[in-house]
Colleague: 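Mind looking over this structure? Questions follow.
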Amino acid sequence: MLKGILNYAHYLLEESINKGETVIDATCGNGNDTLFLSNVVGQTGHVLAFDIQEKAINTTKRLIIDNDRTNVSLIHDSHATVSHYIPKELHGKIGGAIFNLGYLPKSDKTVITKGESTTDAIDSILSCLKKDGLIVIVVYHGHDGGRQEKESVLKHVVHLDQKEFNVLQYGFINQKNDPPFILAVQKRK
Ligand code: SAM
């Protein structure tokens, strides 16, 4: 059975993250992925959730409180600064991460994720990820600026050393209107 893009992104993370781990939502937006990760790691785990927009941080905070979750730290900052928020003792132990690229749904379409900060964040997280851990990137690219980001992220991950990383692309190639696709990077050692 072929899974839809968001279902497959969550499936990959559920399969690779253990209870009690610290994980990262690099673009918390409306908080759906943050809540999902919070449930996957359980009360003994921890989610670091980033967004540059206060509106996104507030929406996510409300969702987390409404669902009685207490294992989330909301960080109103760019994911490009993620290394500042990962303590030394968690280097090599981050359980996984998700990026949902693009703009906040039903909000300002000019505030978008951008190639340079996205690839900086991917590299920082990869350096702290556990062996066999995954970064799952959901690439939306139909909006203004989306194509440039897609190209720079693809160019970046395609060059990751295959001895160190497995890089997967998953998507539906017969869909119209620039359908989103998944890039998943697994750290091999
Ligand atoms: N994962 C979210 C959810 O479940 O609702 C959707 C995320 S939305 C597609 C993309 C988000 O990325 C927006 O909320 C936007 O503000 C945020 N964003 C853009 N640039 C960012 C950056 N450099 N660091 C962190 N978040 C960023």
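What you see below is based on every heavy atom in this structure, not just the backbone, and it leaves out hydrogens, waters and symmetry mates. As the structure is a prediction and not an experimental result, all values here were calculated from the model. Order of listing sets the numbers, starting from 1, for every ligand and every atom in it.
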Colleague: Is a side-chain donor or acceptor of K187 paired with a backbone partner of L126 at a separation under 3.5 angstrom?
Modeller: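 A pair under 3.5 Å: yes.
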Colleague: What do you reckon, does D25 have a nitrogen or oxygen under 3.5 Å from a nitrogen or oxygen of ligand 1?
Modeller: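 Checking ligand 1 against D25, no N or O pair falls under 3.5 Å apart.
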Colleague: Nearest protein heavy atom to atom 23 (N) of ligand 1, by residue and atom, and its distance?
Modeller: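 Heavy-atom neighbour on the protein nearest atom 23 (N) of ligand 1: S78 OG, 3.1 Å.
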Colleague: Between the side chains of H156 and D123, does any donor sit under 3.5 Å from an acceptor?
Modeller: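 A pair is found: one side chain offers a donor N or O, the other an acceptor, under 3.5 Å apart.
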Colleague: For the pair R147 and E151, find out whether any cationic side-chain nitrogen is under 4.0 Å from an anionic carboxylate oxygen.
Modeller: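 E151 and R147: salt-bridged.
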Colleague: Would you indicate whether the side-chain heavy atoms of P180 and V139 approach each other to under 4.5 Å?
Modeller: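 SC-SC contact between V139 and P180 ruled out.
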Colleague: For atom 14 (O) of ligand 1, find the nearest protein heavy atom and state the residue, atom name and distance (0.1 Å precision).
Modeller: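 Protein heavy atom with the smallest distance to atom 14 (O) of ligand 1: D51 OD2, 2.8 Å.
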Colleague: Taking atom types as modelled, is there a side-chain donor on E116 or S152 under 3.5 Å from an acceptor on the other?
Modeller: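 No, no side-chain donor-acceptor pair sits under 3.5 Å.
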Colleague: Atom 10 (C) of ligand 1: which protein heavy atom is closest, and how many Å away?
Modeller: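 Answer, as residue, atom name and distance: N100 O, 3.3 Å.
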Colleague: How far is atom 3 (C) of ligand 1 from its nearest protein heavy atom, and which residue and atom name does that atom have?
Modeller: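 Protein heavy atom at minimum distance: C28 O, 3.5 Å.
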Colleague: Identify, for atom 7 (C) of ligand 1, the protein heavy atom at the shortest distance, and state residue, atom and that distance.
Modeller: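 Minimum-distance protein heavy atom for atom 7 (C) of ligand 1 reads T27 O, 3.4 Å.
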Colleague: Quick test: of every protein heavy atom, which one is nearest to atom 5 (O) of ligand 1, and how far off is it to 0.1 Å?
Modeller: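 Answer for atom 5 (O) of ligand 1: N30 N, 2.9 Å.
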Colleague: Compare all side-chain heavy atoms of L183 with those of V153 and state whether any distance is below 4.5 angstrom.
Modeller: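 The answer is yes; the side chains approach within 4.5 Å.
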Colleague: Any chance the side chains of S38 and N71 put a donor and an acceptor closer than 3.5 Å?
Modeller: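 The criterion, which ignores hydrogens and geometry beyond distance, is satisfied for N71 and S38.
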Colleague: Quick one: nearest non-hydrogen protein atom to atom 20 (N) of ligand 1, plus distance?
Modeller: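 I find the closest protein heavy atom is I52 CD1, 3.4 Å.
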Colleague: Out of all atoms in ligand 1, which are within 4.0 Å of some heavy atom of L101? Include the element for each.
Modeller: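 What qualifies from ligand 1 is 9 (C).
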Colleague: Does any N or O atom in Y103 lie less than 3.5 angstrom from one in ligand 1, N or O only?
Modeller: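 No - when backbone and side-chain N and O of Y103 are compared with those of ligand 1, no distance drops under 3.5 Å.
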